[in-house]
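Here's the structure we're looking at; comments come further down.
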Amino acid sequence: MRELIAALCQRSGVSSREEDVRQFIRQQAEPYADSLRVDNLGNLIVFKRGRKSTEKRVLLDAHMDETGIMVSGFTEDGSLRFQTVGPVDRRTLIGKRVYLGKNRISGVIGMKPIHLTTKSERNTVPKLKELYIDIGAKDKDAAKVLLSLGDVGVFVSKFSPFGTENICKGKALNSRISCAVLLKLLQGELPVDCTFVFAAQEMVGTRGAFGAAFAEKPDIVLCLDGIATEDGPERTEDKTGVTPGQGVVLPVSDRFTIYDRALFLRLRGLAERQNIPWQLKAADAEQSNARSYQRSRCGAQVAGLALPVRYLHSPTEAASLEDAEGMLRLTRAFLQSLEEDEQ
């Protein structure tokens, strides 16, 4: 799975501009699909028959998109003003490299040099209006030849392993590992008929999943995503949190969703019986596509599996490949349990 995750992470897919990563996923999925289409929102929706057809329609979801930046203006000296796309912490931006536009123009995010700042400026996080992107243009006209307002940029962050605990780092791990898990499932025999949604625009309001929910009319949904860890130096004895390498996370709820209790108990029981390491997360401040499926039409039973990710939504994230394998095993076990229900 490592090679597949690496290939997915190197693709660009800022929210609403997922074409590059979607095309790669499509190429990987098409040989195994019974049907495949791209909807008006940019979701890639794949259907594959399994050994059994269930009474209830089953859907697996993972989002394709990642955080990034968007060009919002030009300065007289040829630098770019920008805004963020998705939940990007501006503390992580200074000095980061980006690729911008369809021609992948190289840029560096900068700000006023430290020796020109005041004491108060050095003690505060700079606002976005104080940051700029340097693309090496001599003036505004030269910059406009290379880029236009609305062009998006992705962070430059190479996928690579590090440390001794099978940890990897790179950009967009929180979404692309989940996509890799779905692709691995597609490449094998499925226990039951299943719709796979590689969703667009999750980072900006779970918009793609909302359209997919109405179009596909699922009854049972399992959403795969990343979840922020709390295992850094700031962790205290009275504060619990999830940790990379300790297992896939079974969330009870997130910012907008309380997950279906019966599905949660099913997943927990499967993990325990099959000795799949797992962690519990009682509540999460993030959003996920689960809310769109749960609230659509007359509602759906929704559960989630999450991958513990350090530095979530930053230019470089870190996660465990062992947790990714655990997510794959538990998702496959979940589908097998649905087949057993039919029998």
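Model, not experiment: these values are computed from the prediction.
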For this session: Scan residues 177-226 for pairs that pass ring-ring contact (aromatic ring centres under 6.0 Å, His included), counting only residues two or more places apart or in two chains.
Result: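 Passing the test, one end in residues 177-226: Phe210-Phe214.
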For this session: For residues 292-309, pull every pair meeting salt bridge (Lys or Arg N to Asp or Glu O under 4.0 Å), keeping only residues two or more places apart or in separate chains.
Result: none
Exercise. Excluding sequence neighbours, so at least two apart, what forms salt bridge (charged side-chain N to carboxylate O under 4.0 Å, His left out) with Glu66?
Worked result: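 Applying salt bridge (charged side-chain N to carboxylate O under 4.0 Å, His left out) to Glu66 gives Lys171, Arg176.
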Exercise. Got a sec: does the CD1 of Ile258 have more than 12 other heavy atoms crowding it under 6.0 Å?
Worked result: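 No, the 6.0 Å shell around CD1 holds no more than 12 heavy atoms from other groups.
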For the backbone of [Y] and the side chain of [X], can you confirm whether one donor and one acceptor N or O come within less than 3.5 Å of each other?
{"X": "Asp20", "Y": "Gly13", "value": "no"}
{"X": "Asp134", "Y": "Val108", "value": "no"}
{"X": "Thr206", "Y": "Ser292", "value": "no"}
{"X": "Arg81", "Y": "Leu131", "value": "yes"}
{"X": "Lys48", "Y": "Gly188", "value": "yes"}
{"X": "Gln287", "Y": "Glu202", "value": "yes"}
{"X": "Glu317", "Y": "Leu173", "value": "yes"}

Exercise. Is the closest basic N to carboxylate O distance between Arg255 and Glu286 below 4.0 Å?
Worked result: no
Problem set entry | Any donor-acceptor N or O pair under 3.5 Å, side chains Ser15, Arg207 |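 Absent: no donor and acceptor within the cut-off.
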For this session: Could you verify whether a donor N or O on one side chain and an acceptor N or O on the other, from Thr92 and Ser314, lie under 3.5 Å apart?
Result: no
